[in-house]
Asker: 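The structure under discussion is supplied below as structure tokens; questions concerning it will follow.
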There are 2 protein chains.
Amino acid sequence: MSETCINCGHSLCARRVPIFSKLDGKEIESVVTLIRRKHFDKGENLFFEGGELQGLIIINRGRAKAYINTPEGKEQILHIFFPGDFFGEKSLFVDKKTEYNVKAVEPVDICMISKKDFQELIKKYPGITSKILQELVNRIDRLESMIENIGAKSVDSRINAVLLEFAQKSLDENQIDSAAQFELPLNREGIANYIGVTRETVSRKLNLLQEEGVIQMIGNKKIKILDKNRLKSE
Amino acid sequence: MSETCINCGHSLCARRVPIFSKLDGKEIESVVTLIRRKHFDKGENLFFEGGELQGLIIINRGRAKAYINTPEGKEQILHIFFPGDFFGEKSLFVDKKTEYNVKAVEPVDICMISKKDFQELIKKYPGITSKILQELVNRIDRLESMIENIGAKSVDSRINAVLLEFAQKSLDENQIDSAAQFELPLNREGIANYIGVTRETVSRKLNLLQEEGVIQMIGNKKIKILDKNRLKSE
DNA sequence: ATAAAACTGTGATTCAAATCATGATTTCTA
DNA sequence: TAGAAATCATGATTTGAATCACAGTTTTAT
């Protein structure tokens, strides 16, 4: 079996992961030998809450959502994982179950490093630990700003924030400024479950934004941000 | 100056902090020599968003709230720090500002270790790093469950959850089961800003819970949980 | 290609919590 | 300890989003 990750074309998928970014070419190749690949169809679960996580999972293609099902039957989405994002880092360090599910929202390819292999990796390259720390801190920041959004901001502001977030995850700064189109990672109901409203409200608010000329929808999945500033204010 | 932290009576305050719990007596004493103490009156800010955090801050007595002021003028509380809790760990590892404020909700004594001292400490006792990792993971868990609460649960459920949380932070399991009273760390408005509702709603819901015999209020600050199970369900 | 299934838009109605208003308590503080 | 300031309770009203209902559209699978 080749040591390169065929799904990323000719690049090494490990190089796309921030935690390995400090390693040099030869070191990264040794990481790649540890990687196993797997594919998930749209709608398949990569992981169920309470389950044993096999190791570190890196999203290589496609997007996935992490979500909780509440006792009342609602779904709360906690993260959207884009290519290059990873999860499962928790089980590598702490003996604690992860309480959310992860589901592919479109066809997804992942790279996987087993817990055992990863722990040996850390011994060999201790710098990885500080990268993990950094990533955990970033997640805390994102979760805190999500709480600010859901807990203290109006529904309009939440919609605005989520559109900007998805744009930033999908495009680079120049593309956003030139109103490039991008694909929403979630359908209306998904967006609703991410920002704590209903599907109908998302529909109505998006249409309002379009009427106001702030955004332009291309079909249901694609969108252009015409006026970034009006999304930022309010 | 004595090496013991006078504010904790005869115990060493460092021993109360989970991240130092693996150290033996002699090691902990060397940590204590690095500690500086400070007092804050009720209402004083321990820290302002965007400011330079001096190092690791351990709450030794009293409680403090971490909060964000939204552009719309609302306050969203993110954490309640109880004695033994700490913050500022972020600035020790990552070159990134903290975006929230921390304010004493009652008279607070803190212990503080400077960034520089702490970094030397880590070199000497690398085990501390894994403790920090663990604590970060715990925070992520708490934030995620907070998002589930605020985003997907009814107001009733949120009130229930916050009462249980405060009880668990204030009492041990036996005391909760025997309906011991404890002091709320926040006033009505504070609770409201923690769970994303208004002060009036908190008033009304608490009164309802009392009428139903689930809780008993002693004045405004103290409370007894009479029926833990009814708080848990729903 | 076509039928089924999933998703979306939109009006009508309901409802729970926000807001507004005010008086009663409690807690500071001078 | 008296007066001021902060906090709390509670009724009346408004409001914004949830819910309900259903038709139109898009996607998926055979």
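To find a chain, count down the sequence lines: A is the first, B the second, and so on, and within it residues start at 1. Values below: all heavy atoms of this structure, side chains included; hydrogens, waters and symmetry mates excluded. Source: prediction; values computed, not measured.
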Asker: Would you please confirm or rule out a distance under 4.0 Å between OP1 or OP2 of dC7(C) and any side-chain N or O of Asn187(A)?
Answerer: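 Yes, because at least one side-chain N or O of Asn187(A) sits under 4.0 Å from OP1 or OP2 of dC7(C).
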
Asker: Glu75(A) has an atom CD; how far is it from atom P of dC7(C), in whole Å?
Answerer: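 Computing the Glu75(A):CD to dC7(C):P distance gives 11 Å.
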
Asker: Could you state the CG-P distance from Leu208(B) to dA17(C), rounded to the nearest angstrom?
Answerer: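 Answer to the nearest Å: 10 Å.
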
Asker: Please identify the 5'-most and 3'-most nucleotides of DNA chain D with any atom under 4.0 angstrom from a heavy atom of chain A.
Answerer: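 Here the contact window of chain A covers dA17(D) to dT28(D).
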
Asker: With respect to Asp156(A), which candidate in Lys205(A), Arg204(A), Arg230(A) satisfies the salt bridge (charged side-chain N to carboxylate O under 4.0 Å, His left out) definition?
Answerer: Lys205(A)

Asker: Does OP1 or OP2 of dC28(C) have a side-chain N or O of Lys42(B) closer than 4.0 Å?
Answerer: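 True: Lys42(B) side-chain N/O within range (under 4.0 Å) of dC28(C) OP1/OP2.
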
Asker: CD of Glu189(A) versus P of dA6(C): gap in Å, rounded?
Answerer: 12 Å

Asker: Rounded to whole Å, how long is the line connecting atom CD1 of Ile191(B) with atom P of dA17(C)?
Answerer: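 Value for this atom pair: 16 Å.
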
Asker: Looking at Phe81(B), is Arg139(B) sitting on its ring face, NZ or CZ under 6.0 Å from the six-membered ring centre and within 45 degrees of the normal?
Answerer: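 No, Arg139(B) does not lie over the aromatic ring of Phe81(B).
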
Asker: If you define the side chain from C-beta out and look only at heavy atoms, does anything of Ile68(B) sit under 4.5 Å from Glu99(B)?
Answerer: no

Asker: Could you tell me how the ring of Phe166(B) sits relative to the ring of Phe82(B): parallel (under 30°), tilted (30 to 60°) or perpendicular (over 60°)?
Answerer: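 Correct class here is tilted.
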
Asker: Looking at residues 195-207 of chain B, who's got a heavy atom less than 4.0 Å off DNA chain D?
Answerer: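 Result for residues 195-207 of chain B: Arg199(B), Glu200(B), Ser203(B), Arg204(B), Asn207(B), sorted by number.
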
Asker: Please report the closest heavy-atom contact between His39(B) and Asp109(B), naming both atoms and the distance.
Answerer: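 Shortest heavy-atom separation between His39(B) and Asp109(B) comes out as ND1-OD1, 2.7 Å.
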
Asker: Under the side-chain hydrogen bond (donor to acceptor under 3.5 Å, both in side chains) test against Asp85(A), which residue among Lys169(A), Arg63(A), His79(A) passes?
Answerer: Lys169(A)

Asker: Mind checking what makes salt bridge (charged side-chain N to carboxylate O under 4.0 Å, His left out) contact with Glu173(B), not counting sequence neighbours?
Answerer: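 With neighbours one apart ignored, the set is Lys228(B).
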
Asker: Expressed in angstrom and rounded to an integer, what is the separation of Gln210(A) atom CD from dT8(C) atom C1'?
Answerer: 13 Å

Asker: Of all heavy-atom pairs between Asn45(B) and Tyr67(B), which one has the smallest distance, and what is that distance?
Answerer: ND2-OH, 3.3 Å

Asker: Roughly how many Å is it from CZ in Arg158(B) to C1' in dA18(C), rounded to a whole number?
Answerer: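 Arg158(B) atom CZ is separated from dA18(C) atom C1' by 13 Å.
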
Asker: What is the distance, rounded to the nearest whole Å, between atom CZ of Arg188(B) and atom C1' of dT26(C)?
Answerer: 12 Å

Asker: Shortest non-hydrogen contact from Ile215(B) to Leu206(B)?
Answerer: CD1-O, 3.7 Å

Asker: To the nearest angstrom, how far is Met217(B) atom CE from dT25(C) atom P?
Answerer: 15 Å

